[in-house]
Protein chains: 4
Amino acid sequence: MKTRDKIIQAALELFNESGEPNVTTNHIAAHLGISPGNLYYHFRNKEEIIHCIFDEYARDLSIRFQPQAEFDATAESLLGYLDAVFMLMWRYRFFYANLPDILSRDEELQRKYLQAQEELHSNIMVLMNSFKDSGLLDLDENELLSLANTLKLVASSWICYQTTQAPGAKITKGVIYQGVLQMLSIVRPLTTNEGKVRVLQLESHYCDQVQRDIS
Amino acid sequence: MKTRDKIIQAALELFNESGEPNVTTNHIAAHLGISPGNLYYHFRNKEEIIHCIFDEYARDLSIRFQPQAEFDATAESLLGYLDAVFMLMWRYRFFYANLPDILSRDEELQRKYLQAQEELHSNIMVLMNSFKDSGLLDLDENELLSLANTLKLVASSWICYQTTQAPGAKITKGVIYQGVLQMLSIVRPLTTNEGKVRVLQLESHYCDQVQRDIS
Amino acid sequence: MKTRDKIIQAALELFNESGEPNVTTNHIAAHLGISPGNLYYHFRNKEEIIHCIFDEYARDLSIRFQPQAEFDATAESLLGYLDAVFMLMWRYRFFYANLPDILSRDEELQRKYLQAQEELHSNIMVLMNSFKDSGLLDLDENELLSLANTLKLVASSWICYQTTQAPGAKITKGVIYQGVLQMLSIVRPLTTNEGKVRVLQLESHYCDQVQRDIS
Amino acid sequence: MKTRDKIIQAALELFNESGEPNVTTNHIAAHLGISPGNLYYHFRNKEEIIHCIFDEYARDLSIRFQPQAEFDATAESLLGYLDAVFMLMWRYRFFYANLPDILSRDEELQRKYLQAQEELHSNIMVLMNSFKDSGLLDLDENELLSLANTLKLVASSWICYQTTQAPGAKITKGVIYQGVLQMLSIVRPLTTNEGKVRVLQLESHYCDQVQRDIS
DNA sequence: GATGAATGAGGATTCATTCAT
DNA sequence: GATGAATGAATCCTCATTCAT
């Protein structure tokens with residue numbers, strides 16, 4: 001593994017653990033047993049490290065979503081997608097715990113983030129539309145858009161929100177799965193009878209996951 | 001106006017403008033044309049200023065909610081309450097833009113924040129229950145709880161979320177009203193026919209507000 | 001009791017408790033429930049407070065010693081004098097715990113201190129000479145001077161020395177009496193047989209005092 | 001010479017010159033023409049510098065004393081040892097000029113200091129015992145212990161004591177030798193006739209040293 | 001690729017002291 | 001006599017970043 005990648009991994013780890021503002025470049029270097037100079041050989045500055053971490057995140061995010069292949073198995077596709085989105089958010093949770101601050105410092109990053117958000121929105125729309133086409137959901141265009149917005153908001157805010165709800169809370173995978181459940185609970189009242197069955201199946205799946213994480 | 005209050009106001013202003021981590025005690029003092037020593041005469045440290053700002057916020061928040069008086073005019077009560085909650089969040093938006101960081105530094109504040117969150121939750125429950133009692137909403141206990149959780153999440157996250165959605169965006173009152181609309185759009189699909197009428201009225205009210213802000 | 005005196009007393013108390021450098025003028029004022037401005041109405045600055053405390057000490061010290069009246073009862077005079085000297089040192093112990101620093105800041109105080117030291121030296125000489133005249137001590141002029149120097153050194157250093165010998169030790173009266181014993185143990189080997197009896201009596205007296213303090 | 005060592009040397013110099021509380025880390029850095037950041041690159045804080053200085057002192061002190069090798073040449077061993085002890089105290093005199101304050105701030109240092117004091121005590125005992133064994137001294141166990149205590153007190157207090165005895169006095173080597181003479185004058189009256197001869201020889205040696213320093 | 005010493009502006013905070021009331 | 005808000009220079013320390021080797 002290249003030093004450059006090791007820096008990214010170490011930074012990610014430390015940022016998640018202690019919060020980005022509390023992790024200095026010296027911490028990262030010390031954690032890896034390399035010199036600060038070496039770190040700055042690989043990255044122009046701290047910002048660039050964050051940038052790279054975000055790029056990795058965006059790449060990971062894109063890979064997870066192949067709507068075409070999954071148009072038929074709609075419920076499962078949602079499941080897979082939600083899983084992926086939330087897991088990635090967990091992996092890069094430091095970012096979500098400080099979004100406004102991090103973005104305000106770096107216009108370029110702000111741009112990239114918005115792009116990812118748009119992608120998230122369009123992915124959600126694709127999924128919701130395929131739900132509708134399969135007769136699991138019965139909403140007009142406006143209602144669909146509104147739902148998608150809510151889901152995007154919940155997804156994007158979940159980590160930050162949870163971080164503030166418990167004193168010194170470590171965000172575990174269980175917390176992530178609860179986020180998925182929260183989203184499903186928003187979708188459920190809007191589904192057809194057929195859709196409700198599917199959603200309940202999904203909910204029970206994630207309930208199990210939460211249980212597993214706790215024990 | 002006492003110096004102590006002027007410090008609180010200046011700090012709030014500057015925090016909102018530039019983000020709490022980017023505003024030093026010296027900035028605040030300079031902004032007011034007072035000496036750093038004087039600032040520290042009135043406050044033990046920066047943390048205490050934030051504490052005081054939060055206390056002011058919590059006090060304001062409590063004052064806004066008098067459920068008893070409003071049990072009959074349910075829709076209007078929701079309107080008034082949402083207005084107040086979002087306006088206060090706007091007034092203290094720096095706080096919401098950095099919640100995880102600010103709370104993680106200060107256990108006492110974390111405690112106070114959770115208390116405010118619980119109050120928010122119970123207020124939402126009171127409102128939703130009065131909606132249900134008035135036949136505007138038809139949900140079982142679980143669904144109601146789930147809805148309340150979603151609304152609380154949206155309310156608590158809106159400012160932070162919006163801060164991240166626009167490059168260098170100043171959060172205006174219009175953005176706030178859009179948050180109310182977002183919440184109403186979550187409630188609407190769950191209302192009875194009678195309820196839907198009320199909600200649409202509210203939505204149109206807030207649409208007007210948003211328009212007014214833009215122009 | 002006048003405010004001025006209350007300030008002196010409070011300062012003395014706090015200095016002894018926490019060390020002069022760790023006690024601010026604000027501490028003193030707060031301790032008395034008066035304003036810092038008031039403190040500075042009575043004293044030009046912190047130094048002046050220390051000055052006044054020293055003056056009080058010097059005055060107390062002078063009062064204790066009336067050699068003429070006690071020339072006959074030599075052993076008892078020594079006892080009384082040692083008692084007084086050490087008790088005063090205890091009462092003003094903060095001073096002895098920081099002598100070099102305090103004196104270096106204030107030439108005037110340095111002068112006064114040296115005067116007190118000279119007085120101490122001459123008092124010791126008077127006592128030793130009366131011992132010699134009474135046949136309790138058999139030393140030539142040089143040896144006597146040497147002894148006096150040693151005793152002066154021990155007396156002047158005891159508080160400071162003891163402060164450094166125990167972690168976080170509060171200097172109690174028992175510690176003070178041990179200082180007297182230490183001085184007697186220096187005198188004893190130089191006494192005549194008759195003198196030895198007297199010194200042993202004194203030692204047993206102070207041993208009792210130490211015991212009393214411990215229990 | 002490494003920067004780290006230069007910092008220690010500069011700190012020691014400045015502390016000795018102006019007193020530790022009056023020398024800031026910025027003074028030290030400026031004195032060396034380095035940045036404050038650089039100083040803090042080498043030392044976590046001011047306390048650590050003092051710690052390191054003390055460690056150097058303790059190391060130096062240990063090295064000086066090899067009792068076994070010198071059991072026979074007792075008088076000369078005392079001479080050598082006293083020389084070393086006092087010279088080191090001179091070299092690190094800032095420390096002795098502020099002992100109570102410095103130790104009260106730092107428990108770890110207090111511990112180390114007490115250890116050094118114990119070592120000093122046991123070294124003095126070894127020397128006194130070898131004197132006794134050689135017939136230079138004729139004291140019972142108690143008297144010996146008492147003497148050792150006095151000598152330890154005088155040695156430990158000498159620098160501080162002298163600092164207070166002269167206005168703005170620079171502590172010179174002559175002052176140090178006077179300390180040795182003071183100790184010898186305490187030992188002399190307790191020696192056998194044979195011992196007295198030896199002590200007088202030593203005294204004359206140190207008298208010469210004092211003369212040399214003055215001129 | 002890598003080292004690690006060095007920078008220096010800037011941060012929070014303290015405290016003896018002043019002064020208008 | 002007394003108040004207490006105000007001063008401001010000074011203190012210790014941090015950290016992103018640079019650069020000679």
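Just so you know, these numbers use all the heavy atoms, side chains as well, and skip hydrogens, waters and symmetry mates. Since we're looking at a predicted model, the values are computed, not measured. Reminder, nothing fancy here: chain letters follow the sequence lines and each chain counts from 1.
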Would you call the rings of [X] and [Y] parallel, tilted or perpendicular, taking 30° and 60° as the class edges?
X     : Y     : answer
C:Y92 : C:Y57 : tilted
D:F54 : D:F95 : tilted
A:F15 : A:F94 : tilted

Checklist outcome for this item: Which of B:K112, B:R44, B:E108 passes side-chain hydrogen bond (donor to acceptor under 3.5 Å, both in side chains) with B:H51? It is B:K112

When you measure from the side chain of [X], which nucleotide among [options] comes out closest?
X     : options              : result
B:Y40 : E:dA5, F:dA6, E:dT14 : E:dT14
A:Y41 : E:dG1, F:dA5, F:dT17 : E:dG1
D:T3  : F:dT17, F:dA5, E:dA5 : E:dA5

Nearest whole Å is fine: how far is [N] [atom2] from [X] [atom1]?
X     : N      : atom1 : atom2 : value
D:I7  : E:dA5  : CD1   : P     : 11 Å
C:E20 : E:dC15 : CD    : P     : 12 Å
C:E48 : E:dT17 : CD    : C1'   : 13 Å
B:E47 : E:dG11 : CD    : P     : 17 Å
A:R44 : F:dC19 : CZ    : P     : 15 Å
C:M1  : F:dG1  : CE    : C1'   : 17 Å
C:K46 : E:dT18 : NZ    : C1'   : 18 Å
C:L39 : F:dA5  : CG    : C1'   : 16 Å

Next on the checklist: Both distances below 3.5 Å, Watson-Crick or wobble geometry, any strand: find the nucleotide opposite F:dA20.
Outcome noted: E:dT3

Checklist entry - Would the number of heavy atoms belonging to other residues, nucleotides or ligands and lying under 6.0 Å from CD of B:E107 be above 12? => result no

Checklist entry - Are more than 12 heavy atoms from other residues, nucleotides or ligands located less than 6.0 Å from atom CD of B:Q115? => result no

Item to check | Flag, side chain of B:N22 to backbone of B:S18, donor-acceptor distance under 3.5 Å | outcome: yes

Checklist entry - In residues 24-37 of chain B, which ones come under 4.0 Å of DNA chain F, going by heavy atoms? => result B:I34, B:S35, B:G37

Checklist entry - Looking across every strand, which nucleic acid part, if any, lies under 4.0 Å from B:N38 by heavy atom: base, sugar-phosphate, or nothing? => result base

Checklist entry - Quick one: is B:H42 getting a side-chain N or O under 4.0 Å of the F:dG4 phosphate, OP1 or OP2? => result no

